[in-house]
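See below for the structure under consideration.
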Amino acid sequence: MNSETIRKRFIEYFEKKGHYIVKSAPMVVKNDPTLMFTNAGMNQFKDIFLGNTSPKYKRVVNTQKCLRVSGKHNDLEEVGHDAYHHTMFEMLGNWSFGDYFKKEAISWAWELLTKEYNIDGERLYVTVFEGDESNGLEPDNEAYDIWKTIVPGSRILYGSKKDNFWEMGDTGPCGPCSEIHIDIRDDDARKKLDGSELVNKEHPEVIEIWNLVFIEFNRKADDSLLPLPAKHVDTGMGFERLCMVLQDKRSNYDTDLFKPIIDRLSEITSLSYGKDDQTCIAMRVVADHLRAVAFAIADGELPSNTGAGYVIRRILRRAVRYGYTFLGMSEPFVYELLPLLVNKMGRFFPELAGQEDLIGKVIKQEEQIFLRTLAVGIQKFEEYVKNKLKNNIVDGKFAFELFDTYGFPIDLTTLMAREKGLQVDMKGFDKNMKKQKERSRAVGVKQAVDWVDVRPNVEQTKFTGYDSLETEAGIVKYREVKVKGKSLYHIVLDRTPFYAESGGQVGDRGVLASDGGDIKIVDTQKENELIIHIAEKLPTPVPAKVIAKVDKTKRLLTANNHSATHLMHSALRQVLGEHAQQKGSLVDEKRLRFDFAHFEKVTPEQIIKIEKIVNEKIRQNIEVEDHRDISLEGARNMGATALFGEKYDELARVIAFDRDYSAELCGGTHVARTGQIGFFKIISEAAIAAGIRRIEAVTGHEAEKFVNSRFELIEQLSGILKHPKNLKQAVEKLVENNESLEKKVDQLQKARASQIKQELIKKLEKTNNVNFIGATVDMDAKTAKDIAFELKQKVDDLFLVLAYKHNNKPGIAVMLSDNLVKSGNLHAGEIVKELAKEINGGGGGQPFFATAGGKNLQGLEKVVSKARGIAAG
RNA sequence: GGGGAAUUAGCUCAGCAGGCUAGAGCGUUUGGCUGGCAGCCAAAAGGUCAUCGGUUCGAAUCCGAUAUUCUCCA
């Protein structure tokens, strides 16, 4: 059975049992401070479990793209070394939100495995929760009794809290779970030792394939458990592992999901898979990481040097590093594997197939950048070995510097050291690494505190901000959050006009007014579906009722920019082509920033065209069409632009300005009529990544200001030039004149210098085989230096002392011919120090040329006479 | 969000225990030689040493801020 069929069967089975099919949420998580990437199937339903929102369907089935590379689940360093760890994987799941519970979940799981997938039931073992006294939890006898009707007791095992009690995190929904394990050993091995002995014992052939979680508690910050009002089922079955079992393989990497990629790798590298250990590991690493990176980019997360983008960069770099070290690849090659992945998964995940070009380009460029980083690191290493190596040990501090500053992987340093018969001081490296981590962790620690409930049982904040900017509201709950020792307060209301940051639009500011005083809201953020008002101060007592007022000016200006963004998005596609899709955006009250896919610079002509179209639409004063709670299907029929990597509910909102021109799925706030935007002006266009460009633009008042400032600049320039008829010509002429004048000044200065030189030569005094020139002159240090160097070329046996005055400060320059320095035991630096005493100063320099500065102008004459004395010996 | 590093000619970089009035290779231009596949020889042009400020007699070099880029950690 191939992987596509396996996935399809799962989904269709539960669809038949009344489950609604939900699309995989994007792998990259937005609006959740605790999570960067989706790391479990339940992530997108978290709000339902937490009671922040009510489910639209009680039964749901899905396959979820997951990435485990950071935080609690970090599998990155494991990947490649065994047959089953992955960074990115799919989690198949069926869900019940307050609907069916243990009985159905268990019997359907059994039926699907043994009937649909034809797995031999004899090979399956199940586990149930044994209870835990410290939490006062009973054994899960209910699950045991249900299983007892299906499998003999000898194949039902009790498991500990570690294996059979599932928790979302330190706090939050949790409950006992029941796992299904499979024994895929051969018959001989099974006869010798019963599979039940090997369950949960890390045996590679007796493995868990499905976890059925029965969520019934909420874990509080004080570690106590509260029963939930509704009980839920959350199941997760690793898709890659299931494919391995059903395709009768011993490694996930032998399934049709990975084999084509590994075969191609074999071709490219001319190395065979399955022989050398290092080669196999490297190929698995590459095959796995390709998937993670490609899907992340498809979800809109580009490699970068901060946050989630940095994690993506690291994954790709790990692949390149293994390829470089163990597969001999010193040119980009990962991107070449992409078409195979698209061929395997592109049909089910259109975001992948639809952006193949872009993903390939981004990967290729990223590979090139990293190979360059490696080359620099190798050079630094060679230099170090040549110049600074002591006792054949590579200093840990240096190894860390290579890693920390130049991004050179430590295992490559070790490898290169070994090739030269050197050792790396790993203790020193670890010590520095530890310091770095402590530094980072010391700041930005967020303390999670439980919410203080003011009025429980309010399900979800009602957002009223599309229609009004002021509402009476009640405070539902609040909490204090400490960031960097500073306290911030999070407030949740039962209804609010405040727009929380999302879809690129910044959060609202404003006040919550009450009898007890106003609460100033500095920002509004979303945590999943929860709208959080952020304040720096909270009055005591915390008022129960407030009037929530949004900062109107900021909101309106932001709306201008947001609507203009939509108008521009359509204009971009019209001018550049349909590929110019949104890749990111930021809208606030000052400007709009828009990133989109495009492979070359947008020409000035195209910019003008885009501006023209947008301004045309503004002047048409189009009324907004605001379709709320429209079905996804309906939105699509309207021709609404949906974006990859955005998470949308089943019910969407469509914002249209002239339906044929612009219709987008959008949750933001917009103008009532486009005329309100006033004027649109692009102020910059630049590349930000491979195939991604960024436009910044302003609207209304800001745009006016921008144009005016340019206009003013021209006026000022024209004014400076006394308002010529043709400004451009006048400037050109000015530049020309300036050039020729500069040349003339140059000539004159040279003439003057040569005149001074002549005069100085006239003052030459022959004493003691030395040609002494001493003079007090009026010039700056630079000129004195110039003259000194020129005289050195002209006069043999020169002993020159220039005592100069500039800006009412005295200075001395001493120049000696080379032969005097060599034979005469003279040193300009020493001489100038001695002379400087006369002007209350100090100085120094090289043996043949030195300078000094001081304070006493009166001493200048003395300097010359004293110098004459020295020259005379 | 925090730490480290880099920024010098069109390109790639050297110079950085303060002081050779800023160098190399490639590229460009000019002249000469030469029957090619990076031809050879000679010469020239090309630099606010990222920006701003400070220390100093003197800063590409030391210090601080800013910008951009790289990089590690969270």
Side-chain angles (χ1 to χ4, degrees), chain A residues 33-36 69-72 74 303-311 313-314 317 366 368-377 379-380 383 397-410 413 429-430 432-446 483-486 686-689 742 753 780-793 802-807 809-816 818 821 827-856 859-860 863:
Chain A
T34 64
L35 208 60
M36 247 188 224
V69 286
S70 59
K72 190 178 154 201
N74 188 348
S304 75
N305 56 4
T306 49
Y310 178 57
V311 176
R313 170 169 281 176
R314 248 177 25 195
R317 291 187 168 192
E366 193 58 30
Q368 279 166 337
I369 293 173
F370 185 55
L371 288 166
R372 211 182 123 71
T373 300
L374 287 183
V376 170
Q379 201 191 337
K380 293 260 173 209
E383 258 170 47
K397 207 174 156 201
F398 171 73
F400 182 73
E401 183 190 307
L402 263 188
F403 169 73
D404 181 52
T405 303
Y406 299 100
F408 199 72
I410 182 64
T413 306
F429 178 85
D430 291 338
N432 279 287
M433 186 67 146
K434 216 177 140 197
K435 263 199 250 166
Q436 154 96 310
K437 286 192 179 181
E438 277 163 12
R439 254 200 315 267
S440 291
R441 205 169 295 140
V443 274
V445 188
K446 277 190 194 170
V483 186
K484 279 194 211 168
K486 215 177 108 187
I688 56 159
E742 257 175 15
D780 62 14
K782 175 81 168 61
T783 316
K785 192 177 186 182
D786 280 345
I787 289 176
F789 272 88
E790 279 171 41
L791 279 175
K792 186 190 174 209
Q793 299 211 317
L802 290 173
Y804 60 83
K805 190 173 90 176
H806 183 65
N807 286 344
K809 272 190 171 176
I812 308 167
V814 175
M815 174 66 86
L816 300 172
D818 294 339
V821 174
H827 192 289
E830 302 300 324
I831 294 169
V832 90
K833 264 179 205 162
E834 186 57 35
L835 297 177
K837 285 177 186 167
E838 302 302 328
I839 53 168
N840 291 341
Q846 301 124 278
F848 74 98
F849 178 75
T851 55
K855 290 167 199 155
N856 181 18
L860 280 178
V863 166

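A, B, ... follow the sequence lines: proteins, then strands. Residue 1 opens every chain.
Distance check on atom C1': B:rG18 versus B:rG1 gives 37 Å, rounded to whole Å. B:rA60 and B:rA17 have their C1' atoms separated by 16 Å, with the value rounded to a whole Å. Rounded to the nearest Å, the gap between the C1' atom of B:rU68 and that of B:rC52 is 15 Å. Comparing the C1' positions of B:rA59 and B:rC49 gives a spacing of 11 Å, expressed to the nearest Å. Spacing of C1' atoms, B:rG47 relative to B:rA9, comes out at 6 Å, to the nearest Å. B:rU8 and B:rC70 have their P atoms separated by 15 Å, with the value rounded to a whole Å. Comparing B:rU56 with B:rC73, their P atoms sit 42 Å apart, to the nearest whole Å. Taking the C1' atoms as reference points, B:rG36 lies 39 Å from B:rA22, given to the whole Å.
Here A:Gly841 lies out of heavy-atom contact (under 4.0 Å) with every strand. Base engagement by A:Gly843 is indicated by at least one non-hydrogen atom pair under 4.0 Å involving a base atom. Among the heavy atoms of the strands lying under 4.0 Å from A:Tyr310 is at least one base atom, whether or not backbone atoms are also near. Residue contacts for A:Gly811: at a heavy-atom cut-off of 4.0 Å it reaches no nucleic acid atom on any strand shown. Using a 4.0 Å heavy-atom cutoff across all strands shown, A:Gly829 reaches no nucleic acid atom at all.
The interatomic distance linking A:Arg317 (CZ) with B:rU71 (C1') rounds to 8 Å, in whole Å. Summarising the geometry, the separation between CD on A:Gln436 and C1' on B:rU71 is reported as 10 Å, rounded to the nearest angstrom. Rounded to an integer number of Å, the gap from CG of A:Asn432 to P of B:rG3 is 16 Å. Straight-line distance from the CG atom of A:Leu835 to the C1' atom of B:rG58: 17 Å, rounded to whole Å. As rounded to whole Å, 7 Å separates atom C1' of B:rC57 from atom OH of A:Tyr804. When the C1' atom of B:rA22 is taken as reference, atom NZ of A:Lys782 falls 12 Å away, rounded to whole Å. Atom NE2 of A:His806 and atom C1' of B:rG58 are 14 Å apart (whole Å). A:Phe400 has its CZ atom 8 Å from the C1' atom of B:rC73, to the nearest Å.
Ring orientation note: the planes of A:Phe789 and A:Phe849 are tilted relative to one another, at an angle of 30° to 60°.
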Under 3.5 Å, which protein N or O atoms sit close to an N or O of nucleotides 4-10 of chain B? Give each pair with its distance.
residue : atom : partner  : partner atom : Å
B:rG4   : O2'  : A:Thr405 : OG1          : 2.7
B:rG4   : N2   : A:Thr405 : O            : 3.1
B:rA5   : O2'  : A:Tyr406 : OH           : 3.4

| What do the steps show when you test A:Asp430 against A:Lys434 for salt bridge (Lys or Arg N to Asp or Glu O under 4.0 Å), and what is the final call? | CA-CA 6 Å; A:Asp430 291 338; A:Lys434 216 177 140 197; over 6 Å; no
| Derivation and outcome, side-chain contact (heavy atoms from CB on, under 4.5 Å), residues A:Leu402 and A:Lys380 | CA-CA 8 Å; A:Leu402 263 188; A:Lys380 293 260 173 209; 3.7 Å; yes
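Where RNA chain B pairs in unbroken runs of 3 or more (Watson-Crick or G-U, both distances under 3.5 Å), the stems are B:1-7 with B:67-73, B:10-13 with B:23-26, B:28-33 with B:39-44, B:50-54 with B:62-66.
Looking only at side-chain heavy atoms (C-beta outward), A:Phe408 and A:Thr413 come within less than 4.5 Å of each other. For the pair A:Pro810/A:Asn840, no side-chain contact is recorded, criterion being any heavy-atom separation below 4.5 Å from C-beta on. No side-chain heavy atom of A:Asp404 sits less than 4.5 Å from a side-chain heavy atom of A:Met433. Proximity of A:Glu838 to A:Asn856: side-chain heavy atoms (C-beta onward) are nowhere separated by under 4.5 Å.
Between B:rC72 and A:Arg313, no contact under 4.0 Å exists linking OP1 or OP2 to a side-chain N or O. In terms of phosphate contacts, A:Arg314 brings a side-chain nitrogen or oxygen within less than 4.0 Å of OP1 or OP2 of B:rC73.
Closest to the side chain of A:Lys437, from the set B:rC73, B:rG19, B:rC70, is B:rC73. For A:Met433, the side-chain atoms get nearest to B:rC73 when compared with the rest of B:rC73, B:rU71, B:rU21. You'll find that the side chain of A:Lys785 is closest to B:rC20, out of B:rC20, B:rC70, B:rU12. Proximity note for A:Phe789 (side chain, C-beta onward) versus B:rC57, B:rU21, B:rC70: the nearest is B:rU21.
For the residue pair A:Thr783/A:Asp780, the side-chain donor-acceptor check at 3.5 Å is satisfied.
With a 6.0 Å radius and a threshold of 12 heavy atoms from other residues, nucleotides or ligands, A:Lys809 has its NZ atom at or below the threshold.
For the pair A:Val832 and A:Gly844, the tightest heavy-atom approach, listed with the atom from each and the gap, is CG1-N, 3.7 Å.
Nearest-nucleotide assignment on RNA chain B puts the 5′-proximal partner with A:Phe848, out of A:Ala852 and A:Phe848. When each of A:Ala850 and A:Phe370 is assigned the nucleotide of RNA chain B with its nearest heavy atom, A:Ala850 is the one assigned upstream, toward the 5' end.
Partner of A:Ile812 under the side chain to side chain contact (heavy atoms under 4.5 Å, CB included) criterion, out of A:Ile839, A:Ile831, A:Leu802: A:Ile839 alone.
Taken from NZ in A:Lys397 to CZ in A:Phe429, the straight-line distance is 14.0 Å, to the nearest 0.5 Å.
Donor-acceptor pairing under 3.5 Å, judged by distance alone, is absent between the side chain of A:Gln846 and the base of B:rC20.
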